[in-house]
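In what follows, residues are counted from 1 in the order of the sequence shown. Ligands are counted one by one from 1 in listed order, and the atoms in each one are counted from 1 as well.
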Amino acid sequence: MSYFQREFVANSAAVRVRFGPGVRHEIGAEIERLGAKRALILSTPQQAETALAFAEDVGARAAGVFTRATMHTPVSVTEEALNHVAEVGADCVVAVGGGSTTGLGKAIAYRTDLPQIVVPTTYAGSEATPILGQTEKRQKVTLKDPKVQPEVILYDAELVATLPVPMTVTSALNAIAHAAEGLYAQDRNPLSTALAIEGMRAFATALPRVIDAPGDLDARGETLYGAWLCGTVLGQVGMALHHKLCHTLGGSFDLPHAETHAIVLPHAIAYNAAAVPDLLAPVAQVFGGDAPGAALHDYATSSGAPLRLADIGMAEDDLDRAADLAVKNAYWNPAPIERDRIAGLLQAAFHGRAPGT
Ligand code: NAD
């Protein structure tokens, strides 16, 4: 059915986005624009050098640096960071990094309502959403709150150019997953669909160029543009089977975030393809081929993505429990959630078979 024969609602967040190689050097001006004077700069330990360079760049407006951001946003780390916020009297946060660092900035904003500037260095897309996932007592709980939505995003291709190629590929598939599932979201709208298709197109065009030449700032810029669009889709509409499976595999079996998305995506999309062929047709159009799941599998294979859950820490003995967990709580999905089919999907993803084989 066309969009214009039914009612739709479109919510867009008021986010300021600046884009361009070297735009990170404008952070000081952006802090000032927010009316802030004391920024706390956040990173992971691996990106501490970048955070320190930011502090130097920002000068007197940098109140401190906290470099202990970590995967899955543990509440204990957030509490440490909040102590730091109080100690230095920070009035805004600047997160430089991937989804883990952005997550810490969001966790601080959720508790303090401090404004956030995010400088993303992966394609995870968290900077464009009001969603926060945090972990306490080994349980990851996700919430949605406007307070969590970052106010300013600076996309600087020079920073993402240091992302190693294997992480580049898995992170790109993580972004594409937001767009692909956004196509069939119950609350989709013409804008979210257009963003999803254009976001996927940007990755289909630019990722092969980045793999050939990781320092190509034009290609890196186009992939960052794709990440922005795909992240915006994630922020605007609900996700389904694919994100649920990845959440289960990441949360209960400690599998790495982006790699899990990369491996599961072709299988989850193939699972849903027969239920919503028209809505998923753009996936095959963008990535080439007749079937959307197979098109994504071919794209992942030719990009050198990991294909087997067996290779990223999943134990074959745990597949049954994973299938049980994935069907435990009811959630909306375009195709019915059937335990046997889910178990078959997980088997195929475990062994790296093409979807549906
Ligand atoms: P990440 O942030 O954990 O980064 C992985 C590693 O790569 C880190 O050590 C990081 O420092 C390093 N790194 C990042 N960019 C780099 C670069 N350009 N050069 C060199 N090293 C770099 O990984 P991620 O996949 O971006 O984020 C995953 C986390 O984000 C998960 O916890 C996930 O749940 C969350 N996430 C949340 C949302 C949301 O909307 N809330 C969306 C997507 C992902």
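Among protein heavy atoms, atom 34 (O) of ligand 1 sits closest to K140 NZ, 2.8 Å. Of the protein's heavy atoms, I131 O, 2.9 Å lies nearest to atom 41 (N) of ligand 1. Among protein heavy atoms, atom 3 (O) of ligand 1 sits closest to S100 OG, 2.5 Å. Among all protein heavy atoms, the one lying closest to atom 25 (O) of ligand 1 is H257 CD2, 3.9 Å. Atom 10 (C) of ligand 1 has its closest protein heavy atom at Q47 OE1, 3.4 Å. Atom 6 (C) of ligand 1 has its closest protein heavy atom at M167 CE, 3.6 Å.
Environment of OH in Y110: sparse, with no more than 12 heavy atoms of neighbouring residues, nucleotides or ligands closer than 6.0 Å. Within 6.0 Å of NZ in K37 there are 12 or fewer heavy atoms belonging to other residues, nucleotides or ligands. Applying the 6.0 Å contact sphere to CG of D290 captures no more than 12 heavy atoms from other residues, nucleotides or ligands.
The shortest N/O to N/O separation between L159 and ligand 1 falls below 3.5 Å. On a distance-only criterion, G133 and ligand 1 share no N/O pair closer than 3.5 Å. Backbone and side-chain nitrogen or oxygen atoms of S171 are examined, and none is located within less than 3.5 angstrom of a nitrogen or oxygen of ligand 1. Not a single N or O atom of N174, backbone or side chain, sits closer than 3.5 Å to an N or O atom of ligand 1. Checked by distance only, ligand 1 and V160 stay at 3.5 Å or farther apart across all their nitrogen or oxygen atoms. Any N or O atom pair closer than 3.5 Å counts here, and T101 shares no such pair with ligand 1. The N/O atoms of T129, backbone and side chain alike, include one that comes under 3.5 Å of an N/O atom in ligand 1.
With a heavy-atom cut-off of 4.0 Å, K144 does not touch ligand 1 at all. Using a 4.0 Å cut-off between heavy atoms, H72 contacts ligand 1 through both its backbone and its side chain. If you look at L234 next to ligand 1, the close heavy atoms, those under 4.0 Å, all belong to the side chain.
H247 has its ring centre no less than 6.0 Å from the ring centre of H243. Between F203 and Y123, the distance from one ring center to the other falls under 6.0 angstrom. Taking the six-membered ring for Trp and the full ring otherwise, the centers of H267 and H242 sit at least 6.0 Å from each other.
If you number the atoms of ligand 1 from 1 as listed, the ones under 4.0 Å from a heavy atom of K106 come out as 39 (C), 40 (O), 41 (N). For ligand 1 and A124, the ligand atoms under 4.0 Å from any heavy atom of the residue are 26 (O), 42 (C), 43 (C), 44 (C). Applying the 4.0 Å criterion to heavy atoms of T44 picks out, from ligand 1, the atoms 10 (C), 11 (O).
Using a cutoff of 4.0 Å between basic side-chain nitrogens and carboxylate oxygens, D91 and R61 are not scored as salt-bridged.
Of the candidates V148, T121, T162, T142, it is T121 that places a heavy atom closest to atom 15 (N) of ligand 1. Comparing P164, S126, G250, A128 by heavy-atom distance to atom 38 (C) of ligand 1, the nearest is S126.
Under a cutoff of 6.0 Å and an axis angle of 45°, R24 and F54 do not form a cation-pi pair.
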